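See below for the structure under consideration.
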Amino acid sequence: MPSNYPTLKDVSAEAGVSMALASVVLNGKKGRIKASEDTRRKILEAAEKLGYEPDRNARALRMSRSFLIGVLAYDVSTSFVPEILTGIEKGFMHTNYGVLLGSYCTETELTECLEMFRKLKVDGLIIISTEFKKFPDQLAMWNRVAKVFVGNLSELPFSSSVCASRKDVGIMAAQELLRRNRRCVAHFANERSSNHDGWQNALDQAGISAEKRLTVYSKNYLDQGLATARKLLRDHPEVTGIFADSDILAAAVVKAAAETGRKIPEELEVIGVDDSMLCQLTTPTLSSIWQPKREQGEIAAELMLKLLKDDHTEQRVLPVKLIVRETLKPSGE
C-alpha cells in the first residue's frame with residue numbers, strides 16, 4: 001500500500017536529485033556526498049512544497065534515541081495543567097520530538113506511567129506537579145535521563161525546573177486580606193499545598209495569633225470542596241477572609257457563602273489561585289492570583305531541549321500577580 005505521506009523518494013524526484021543526496025541535505029548528514037547551495041535550496045523547497053517530514057523512527061534507530069518526551073502530570077483535570085500542556089506542545093512543535101502524556105492520581109498510576117515511559121525509552125521526562133517529596137525515590141532509576149520539573153524546584157541530577165513563586169502566592173494572599181483589615185483568616189488548602197509556608201510567614205510577621213488563623217484541607221474537587229467550605233463557614237463564623245489554593249476551592253467557598261447568607265465581599269472576602277475561566281463564572285466574580293501557565297510549559301520545553309543538547313541545567317522562578325474582582329473590596333474601602 002502506498003504511503004499517505006510524502007517520502008524521501010518523492011522529494012528527490014521533485015528536486016531532480018538522487019535519494020542519497022536528498023537524505024544528506026534533509027537529515028543534516030556529513031560525509032563524502034556534498035550538495036551545492038543551489039541543489040540544497042531545491043531539495044529544501046521540494047520538501048516544503050510536499051510537506052515532507054523525516055521519519056522519526058528511522059532517525060531514532062540511527063541515533064539511538066526515541067525522540068519522545070514523556071510528560072507526567074498529576075490530575076490533568078486541575079485548572080492549571082491543560083494550559084501548561086499547551087505550552088509544552090507549542091515548545092516542541094518545530095522540533096523532531098514527540099510528546100507523550102501520562103496522568104496519575106495515585107501511587108499505582110504514577111508507577112504505571114513511569115513504566116510506560118521506560119518501555120518506550122523516552123529521551124526526557126517533564127513532570128508537572130507542585131509536590132516534590134515523593135519523586136526522588138520514584139525517579140531513582142531515571143538519574144541519567146533528562147528531567148524538567150514544572151511547578152516546583154528540583155535538586156535531582158540532570159534536571160531543570162520552572163515554576164511560579166509559590167511562596168509569593170501565599171504571601172500575596174495574606175497581605176491582601178490583612179490590608180483589607182481581615183484579622184481572622186483561613187487557608188482553604190488542597191492536600192498537596194505548596195502555598196502554606198508563605199501564607200504562614202506573612203501572618204507571623206503581621207502578628208496574627210494562632211487563634212485568629214485557621215487551615216482546613218480538601219481535595220481539589222468541587223463536591224468535596226463545597227462540603228468542606230460549608231462546614232468551615234458554619235463552624236467558624238468569625239472568619240472574614242479566606243485564601244483558597246485553587247479557583248475550584250474558592251468557587252466552593254463562594255457557593256457555600258451564598259447558601260449560608262454570608263455576604264461577599266462585605267462580610268467575607270475570598271482569594272483563589274490560577275485566574276482560570278471559572279473566576280468570571282461565579283457570582284460574585286472571583287479574585288485570584290494569576291500565574292503564567294502556558295509560559296511555564298513553553299519554558300519547560302526550552303529547558304528540556306537545552307538539557308538534551310549540552311546537559312545545561314537551569315532553574316527559573318516566574319512572578320505572580322493578583323487579579324482583583326468582586327470577592328475583594330476595591331482598595332480604599
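Fair warning: this is a prediction, and the values are worked out from it, not measured in the lab.
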task = Inspect the surroundings of NZ in Lys167 and state if more than 12 heavy atoms from other residues, nucleotides or ligands are less than 6.0 Å away.
result = no
query = Is the closest side-chain heavy-atom distance between Lys147 and Phe158 below 4.5 Å?
reply = yes
ask   = If you measure from CD on Glu115 to CD on Glu112, what distance do you get to the nearest 0.5 Å?
value = 9.5 Å
ask   = At what distance, to the nearest 0.5 angstrom, does CZ of Phe188 lie from CG of Leu214?
value = 10.5 Å
message = Is there a side-chain contact between Val239 and Val185 in this structure, where contact means two heavy atoms from C-beta onward sitting under 4.5 Å apart?
response = no
message = I'd like to check the side chain to side chain contact (heavy atoms under 4.5 Å, CB included) partners of Met19; sequence neighbours left out, ordered by chain and number.
response = Leu8, Lys9, Ser12
request  = Indicate whether the side chain of Thr108 and that of Thr111 have a donor and an acceptor atom separated by less than 3.5 Å.
outcome  = no
request  = Spell out, yes or no, whether Val122 and Tyr74 are grouped together once hydrophobic residues are joined by side-chain heavy atoms under 4.5 Å, including indirect joins.
outcome  = yes
note = One should read off an interatomic distance between Phe149 CZ and Ile127 CD1, to the nearest 0.5 angstrom, of 3.5 Å
key: Donor-acceptor under 3.5 Å (Asp310 side chain, His312 main chain)   = yes
ask   = Atom OH of Tyr221 and atom CG of Leu249: how far apart are they, to the nearest 0.5 Å?
value = 11.0 Å
ask   = Linking I/L/V/M/F/W/Y whenever any side-chain heavy atoms sit under 4.5 Å apart, do Ile271 and Ile171 land together?
value = no
query = Are Tyr97 and Ile126 joined in one hydrophobic group, where the rule is that I, L, V, M, F, W and Y side chains link up if heavy atoms are under 4.5 Å apart?
reply = yes
key: Positive for side chain to side chain donor-acceptor pair (under 3.5 Å) with Asp275, one of Gln280, Arg325, Lys321   = Arg325
ask   = Going by atom types only, do Thr313 and Ser160 share a side-chain donor-acceptor pair under 3.5 Å?
value = no
ask   = Any side-chain heavy atom of Leu322 within less than 4.5 Å of one from Trp290?
value = no
request  = Indicate if Met172 and Val253 have the same hydrophobic cluster label, given that clusters are the connected sets of ILVMFWY residues with side-chain heavy-atom separations under 4.5 angstrom.
outcome  = no
ask   = Got a second to check how far Gln175's CD is from Phe243's CZ, nearest 0.5 Å?
value = 12.0 Å
ask   = Would you find a donor on one side and an acceptor on the other, under 3.5 Å apart, between the side chain of Lys293 and the backbone of Asp274?
value = yes
ask   = Linking I/L/V/M/F/W/Y whenever any side-chain heavy atoms sit under 4.5 Å apart, do Val270 and Val169 land together?
value = no
ask   = Counting only N and O atoms by type, is there a donor-acceptor contact under 3.5 Å from the side chain of Thr95 to the main-chain atoms of Gly91?
value = no
message = My understanding is that only residues two or more places apart in sequence, or in another chain, count here; which of them pass side-chain hydrogen bond (donor to acceptor under 3.5 Å, both in side chains) with Lys219?
response = none
task = For Asp38, check salt bridge (Lys or Arg N to Asp or Glu O under 4.0 Å) against everything at least two apart and list the hits.
result = Arg41, Lys42
task = Mind checking side-chain hydrogen bond (donor to acceptor under 3.5 Å, both in side chains) for Ser18 and listing every partner two or more places apart, or none if nothing turns up?
result = none
request  = With side chain to side chain contact (heavy atoms under 4.5 Å, CB included) as the test, would you mind laying out the steps for Thr240 and Asn181 before giving the verdict?
outcome  = CA-CA 9 Å; Thr240 58; Asn181 204 32; over 6 Å; no
remark   = Residues Leu278 and Asp247: closest non-hydrogen pair is CD2-O, 3.5 Å
query = Between CD1 of Ile88 and CG of Leu101, what distance do you get to the nearest 0.5 Å?
reply = 8.5 Å
message = I want to check something: taking the side chain as every heavy atom from C-beta on, are Ile43 and Val17 in contact at a cut-off of under 4.5 Å?
response = yes
Nearest heavy-atom neighbours spanning Thr283 and Val254 = O-CG1, 3.5 Å
request  = Determine, stepwise, if the pair Lys255 / Glu259 fulfils salt bridge (charged side-chain N to carboxylate O under 4.0 Å, His left out).
outcome  = CA-CA 6 Å; Lys255 183 172 175 59; Glu259 294 174 355; 3.8 Å; yes
key: Taking every non-hydrogen atom, the tightest pair across Pro292 and Glu295   = CB-OE1, 3.5 Å
Considering all heavy atoms, the nearest Gly272-Leu286 contact = N-CD1, 4.4 Å
request  = Test side chain to side chain contact (heavy atoms under 4.5 Å, CB included) on Leu303 and Val162 and set out the steps.
outcome  = CA-CA 9 Å; Leu303 295 178; Val162 57; 4.2 Å; yes
query = Do Gln296 and Glu83 have a side chain donor and acceptor closer than 3.5 Å?
reply = no
request  = Keeping the roles fixed (side chain from Asn190, backbone from Ser218), state whether a donor-acceptor pair exists under 3.5 Å.
outcome  = no
task = Check step by step if side chain to side chain contact (heavy atoms under 4.5 Å, CB included) holds for Leu72 and Leu110.
result = CA-CA 8 Å; Leu72 187 63; Leu110 171 59; 3.4 Å; yes
remark   = Between Val320 and Ala164, the two heavy atoms sitting closest are CG1-CB, 3.7 Å
inquiry  = Within the 4.5 Å heavy-atom criterion, are Leu318 and Ser165 side-chain neighbours or not?
reply    = no
query = Taking the side chain as C-beta and beyond, is there a heavy-atom pair between Gln200 and His187 under 4.5 Å?
reply = no
Please output the side-chain donor-acceptor pairs of residues 202-209 that fall under 3.5 Å, not counting sequence neighbours, one pair per line with the distance.
unit_1 : atom_1 : unit_2 : atom_2 : d
Asp204 : OD1    : Arg213 : NH1    : 2.9
Asp204 : OD1    : Arg213 : NH2    : 2.8
Ser209 : OG     : Glu211 : OE1    : 3.2

query = Considering only heavy atoms from C-beta outward, does the side chain of Lys309 approach that of Leu305 to under 4.5 Å?
reply = no
note = What one should report as the nearest heavy-atom pair of Ala256 and Leu233 is C-CD1, 3.8 Å
message = Check whether Asn152 reaches the backbone of Ser129 with its side chain - one donor and one acceptor, N or O, closer than 3.5 Å.
response = yes
key: Working for salt bridge (charged side-chain N to carboxylate O under 4.0 Å, His left out), residues Glu176 and Arg180   = CA-CA 6 Å; Glu176 286 296 328; Arg180 290 169 167 80; 2.5 Å; yes
ask   = Is atom CD of Glu266 surrounded by more than 12 heavy atoms (other residues, nucleotides or ligands) closer than 6.0 Å?
value = yes
remark   = Sequence neighbours excluded, the answer for side-chain hydrogen bond (donor to acceptor under 3.5 Å, both in side chains) partners of Asp197 is none
ask   = Any idea how His196 and Tyr217 line up, ring-wise: parallel (<30°), tilted (30 to 60°), or perpendicular (>60°)?
value = tilted
key: Arg316 and Glu314: CA distance, side-chain angles, deciding distance, salt bridge (charged side-chain N to carboxylate O under 4.0 Å, His left out) verdict   = CA-CA 7 Å; Arg316 295 195 201 176; Glu314 187 176 344; 2.7 Å; yes
ask   = Below 4.5 Å, heavy atoms only, C-beta onward: do Leu100 and Phe117 meet side chain to side chain?
value = yes
ask   = For the side-chain contact (heavy atoms from CB on, under 4.5 Å) test, which of Thr327, Leu177, Ile242 pairs with Glu269?
value = Leu177
task = Mark yes or no for whether Glu48, through its side chain, and Leu44, through its backbone, hold a donor-acceptor pair below 3.5 Å.
result = no
message = When you measure from the side chain of Thr285 to the backbone of Thr282, do you find a donor-acceptor pair of N or O atoms at a distance under 3.5 Å?
response = no
